Amino acid sequence: MRGEQAVDPQSPLPDLLHRLDASEHGLTTDQARQRLAEYGRNELRRTRRRSWWRELGRQLIHPLALLLWVAAILAWVAGTAVLGAAILAVIAVNAVFASVQERQAERAVEALTRYLPQQARALRDGNWQEVPAGELVPGDVIAIGEGDRISADARLLDGGVEVDLSALTGESQPAYRSADATGPAESLTEAGNLVFSGTSCLSDEARGMIYATGMRTELGRIAALSQRVGREESPLERQVRRVAWLIAAVAIGAGVVFFPIGVLAAGMPISDAFTFAIGLLVANVPEGLLPTITLALAVGVRGLARLGAVIKRLSAVETLGSTTVICTDKTGTITENRMRVTAVRAADELLDPLPDPVPSPGPALSALAATAAACNNAELRPDADVGDPTETALLHFAAMIRQPGGSRRQSQFHFDPRLRLMSTVDAVGADLWLHTKGAPEEVLRRCTRIIGADGDDRSLTEQARAELAEAVTGQARQGRRVLALARRRLTGPPGDRDTAERELTFLGFVAMVDPPRAAVPDAVAKCHTAGIRIIMVTGDHGLTATAVARQVGITRGDPTVLTGADLDRMTPQALRDLLAEQREVIFARVSPEAKLHIAEALRADGQIVAMTGDGVNDAPALRRADIGVAMGRSGTDVTREAATMVLTDDNFATIVAAVGAGRRVYANVRKFILYILAHTTPEVVPFLIFALSAGAVPLPLTVLQILAIDLGTETLPALALGREPAEPGLMNRPPRRRTERVIDRRMLLRAWAFLGLVSAVLVMAGFFAVLLAGGWTPGAPTGPGTALHETYLQATTMTFLGIVACQIGTAFAARTERAPLRAVGVFSNRLLLWGIAFELAVAAVIVALPPLPEVFGTRPPPPPALALLLVFPVVVWGADELRRRLIRGRTHPAAGQSIGRAARGTT
């Protein structure tokens, strides 16, 4: 079909008309109807997404969800319907939350559709008609006027328009597109005679012929890229999934091994063996882990929002902390997006820096200011300036010298990116003047005279040209953007542009800077200290980007500067090899595919990438990056929908602050996972003693008591550990590797073999102390109706309370990985103190408030046993404090001294 054929919009117009089977007189209604059926509506279409129930089902079989399913089933088997229902509620909430995140790509495409207008003016049946934009087809001739949102990709037939292409190219400078422009461009968006769907016409008017609609437009291509990039699991999500399978394997394996041992070797009754297997499985399942992770990340999200970073996916908080590369734009992120004139040269006088106010400006400087005000389309207003930042900066400069005004615009030669010039024809009194501004080398090439200090002009000699060129180079070396200005008195209306822009009088140049944000250099230095690489990826010119990057410290040598065209010529492997060399690189004039390829190449090298963006073209790259960062102020709806994080202040420093917060969240996740896993050993050991004694030792802990611990007493302290202050030197460490596991062998040994083992010894000592004090002997019956039954209930309660007491010691031990507790402050986490108080209150209610003692099988232990519980937290915390001290002394002899100094500094 014709709709599937490729059309080259830069081909000669007769060839294009032939390929489109169209004419400059437009289509008939019948032709348009036929083509609409052939090409489809001029709309952005969504790819078919997974149905909601499939997404929900995928979340319900997550390994942690499966473990929670098992816990729920066991709770129902044990006759505790309330606990079973609570676990099912946790499963449902987590599954629904995760499923909602999958709609992110769809929302991004819906945001793209808002860039398309509702109506357009098309030439149909020889008349101009208002046509729904969705019914436009290739071959339609459309009218484009000032203020219009362009409906489809079109080749201009006549006229010229100034258009805002920033949504597609990232360039803030308006572009002039004319039907008279000829010659192929490196990319379609640079072609001088093409306009594109979703962009805006700023001034003038033209006619164009549509050659692409819907998903075949440049905007549609970006939409397709955005949908192609799906959301991937974060490092934390992948690691939690692996750990969930590991815990399940350990629990099931232990049950399979010990069940036959208890039945065959120890002679345990089948009913007791079954009870043992259920208890062993429940003790190994961390029922509170998934909701605690979710709640801790939610707390991190709220904290980042206060910093100015809005996180749209909970798991992204952890991913931020592992960021190894930040790919950042320049304008508005590194800089303030506020141009300012800092130096001026008029005639032979250089004002650097430019004083404010300028004392007694001479005729040459006044002429320069007048031209800057005349050759300008911006407007200064009391509330907010209107126009391009470069032109508003020129108006502010002109206002310092003289008030803008005194000239009347007659006509304009728009800025041409190929000529790098803009000119206006203005009436000043009875005279007619041409005012020109542009790149210094282009303006100088058209000048034959130069203004003098007295306002009179003289011939421009070759020596003067060389001196001016050297002066411009000197300003450029300082990272300044330089514009030259010139003028010529006209005897009448000018002809074509070439005739008008010649024999000019050089007035001078202005040098401008877009100042970096004040907080950026310090933020960049923190990145270097933290081992985070920064790569500038911008739509601006390479020299400008290089100067700004050097100014804020992103680059410290001579970086490699690559343009989008350079990237298009590179193979994916060549790009990967370049980035893997860790050299300083700046990417300039990048296309949507280029940013996407950069993100893909870095991720293929194992990097965890944060990518900033603000235009529609950035959406695919933001979705491919591990952390897509959109600008909240200057960004488009599309990028905000596609991004993982939105900066409310558009500030690079906020990204770095968010990385630090992410590192703290990750460290805190490890702390509460350690805290939760440490209680597995004291929960499992009682069942092992019961099994190995063949029932001679009564079961020291019941399944219901385990569930009360895992879903009740430990949850708030675990969540409180997610609010821990950062340990000293957190941002002085290199980023962790993508392959590094959140739960590693060192953590498991500390949790299960040290903290857990110490707790298990204490807990079982308390159990046997109560049981023996009540007159129990091995093998003596303790069931209901026996003389020792109440003593047995007190002993199991002692086990339950002993684990709760050990949880308190574990919580304080888990607050630091190597540093002593005093380094972060014993009372610095007030939420943990409240969590411990809640934990003690829950335990007291389970033991003493009817009817819960009957439900959980608890009885208050004797007062001496309760007094013994006070020692448990101190022993657990003290043992781990001693272990950490030995590790510090073994790994770094001076560590104790440095940490001691840090501790004194915090108190």
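Bear in mind that the values here come from a model prediction, so they are computed numbers and not experimental data.
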R488 vs T505, side chain to side chain contact (heavy atoms under 4.5 Å, CB included): CA-CA, chis, key distance, verdict: CA-CA 6 Å; R488 179 166 77 93; T505 298; 5.9 Å; no
Kindly indicate, with the supporting measurements, whether the criterion side chain to side chain contact (heavy atoms under 4.5 Å, CB included) is fulfilled by L351 and E349. CA-CA 7 Å; L351 299 177; E349 181 182 11; 3.5 Å; yes
Kindly indicate, with the supporting measurements, whether the criterion side chain to side chain contact (heavy atoms under 4.5 Å, CB included) is fulfilled by L194 and L156. CA-CA 6 Å; L194 302 181; L156 296 184; over 6 Å; no
Determine whether T424 and Q412 satisfy the following criterion, side-chain hydrogen bond (donor to acceptor under 3.5 Å, both in side chains), listing intermediate values before the conclusion. CA-CA 4 Å; T424 59; Q412 173 178 307; over 6 Å; no
Could you go step by step and tell me if I627 and M611 meet the side chain to side chain contact (heavy atoms under 4.5 Å, CB included) rule? CA-CA 6 Å; I627 296 290; M611 174 80 74; over 6 Å; no
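For the atom pair CZ (R487) and CG (D426), the distance works out to 12.0 Å, reported to the nearest 0.5 Å. Rounding to the nearest 0.5 Å gives a distance of 12.5 Å between CD of Q551 and OG1 of T546. Distance check: H597 NE2 to K595 NZ gives 13.5 Å after rounding to the nearest 0.5 Å. The line from SG of C447 to CG of L504 is 5.0 Å long, rounded to the nearest 0.5 Å. Atom OG of residue S423 and atom CH2 of residue W433 lie 14.0 Å apart, to the nearest 0.5 angstrom. Atom-to-atom distance recorded for I144:CD1 and T199:OG1 is 8.0 Å, nearest 0.5 angstrom.
Sorted by first and then second residue, the side-chain hydrogen bond (donor to acceptor under 3.5 Å, both in side chains) pairs involving residues 509-524 (not counting sequence neighbours) are T335-D514.
Around the CD atom of Q463, the shell of radius 6.0 Å holds no more than 12 heavy atoms that belong to other residues, nucleotides or ligands. Applying the 6.0 Å contact sphere to CD of E441 captures more than 12 heavy atoms from other residues, nucleotides or ligands. Applying the 6.0 Å contact sphere to CG of D558 captures no more than 12 heavy atoms from other residues, nucleotides or ligands.
For the pair N651 and T333, the minimum side-chain heavy-atom distance is 4.5 Å or more. For the pair V163/I150, a side-chain contact is recorded, criterion being any heavy-atom separation below 4.5 Å from C-beta on. Taking the side chain as every heavy atom from C-beta outward, L575 and L567 approach each other to under 4.5 Å. Between V629 and I655 the shortest side-chain heavy-atom distance falls below 4.5 Å. Side-chain contact between L485 and T436 is absent, with no heavy atoms from C-beta onward closer than 4.5 Å. With contacts defined as side-chain heavy-atom distances shorter than 4.5 Å, the pair V513/M339 does not qualify. Looking at L368 and T371, their side chains never come closer than 4.5 Å, going by heavy atoms from C-beta outward. Looking at E391 and M422, their side chains come closer than 4.5 Å, going by heavy atoms from C-beta outward.
Among all heavy-atom pairs drawn from A398 and A369, the shortest one is CB-O, 3.5 Å. Taking both residues in full, the closest heavy atoms of V325 and T323 are given as O-CG2, 3.4 Å, listed atom of the first, atom of the second, then distance. Of all heavy-atom pairs between A486 and V443, the closest is CB-CG1, 3.7 Å. In terms of heavy-atom proximity, L602 sits nearest to C327 at CD1-SG, 3.5 Å. In terms of heavy atoms, A364 sits closest to A347 at CB-CB, 3.9 Å. Scanning all heavy atoms of the two residues, the minimum distance from L188 to F196 falls at O-CZ, 3.1 Å.
A donor-acceptor pair shorter than 3.5 Å can be found between the side chains of T654 and D649. Between D566 and T563, the side chains place a donor N or O and an acceptor N or O closer than 3.5 Å (distance only, hydrogens not considered). Of the N and O atoms on the side chains of R409 and N376, not one donor lies less than 3.5 Å from an acceptor on the other residue. Side-chain contact of D329 with T538: a donor-acceptor pair under 3.5 Å is present, judged by distance alone. Side-chain atoms of R583 and T560 form a donor-acceptor pair, as typed in the model, at a separation below 3.5 Å. A donor atom on one side chain and an acceptor atom on the other are not found under 3.5 Å apart for E503 and T448.
Checking side-chain atoms of K437 against main-chain N and O of C375 turns up a donor-acceptor pair under 3.5 Å. Proximity of a side-chain donor or acceptor of T392 to a complementary backbone N or O of P389 within less than 3.5 Å is detected. The main-chain N or O of E162 is never found under 3.5 Å from a side-chain atom of R177 such that the two would form a donor-acceptor pair. Checked by atom type and distance alone, the side chain of R449 pairs as donor or acceptor with a backbone atom of D457 at under 3.5 Å. When atom types are taken as modelled, the side chain of R340 and the backbone of P515 share no donor-acceptor pair closer than 3.5 angstrom. A donor-acceptor pair under 3.5 Å links the side-chain atoms of R502 to the main chain of T499, judged by distance alone. Not one N or O on the side chain of Q410 forms a donor-acceptor pair closer than 3.5 Å with the backbone of V425.
We find that R458 and D348 are joined by a salt bridge, their nearest charged nitrogen and carboxylate oxygen being less than 4.0 Å apart. A salt bridge links E442 and R446; the closest N-O separation between the charged side-chain nitrogens and carboxylate oxygens is under 4.0 Å. Salt bridge annotation for R381-E379: present, with a cationic side-chain nitrogen under 4.0 angstrom from a carboxylate oxygen.
Just one residue in the list M536, E584, H528, K330 forms a side chain to side chain contact (heavy atoms under 4.5 Å, CB included) with I554, and that residue is M536.
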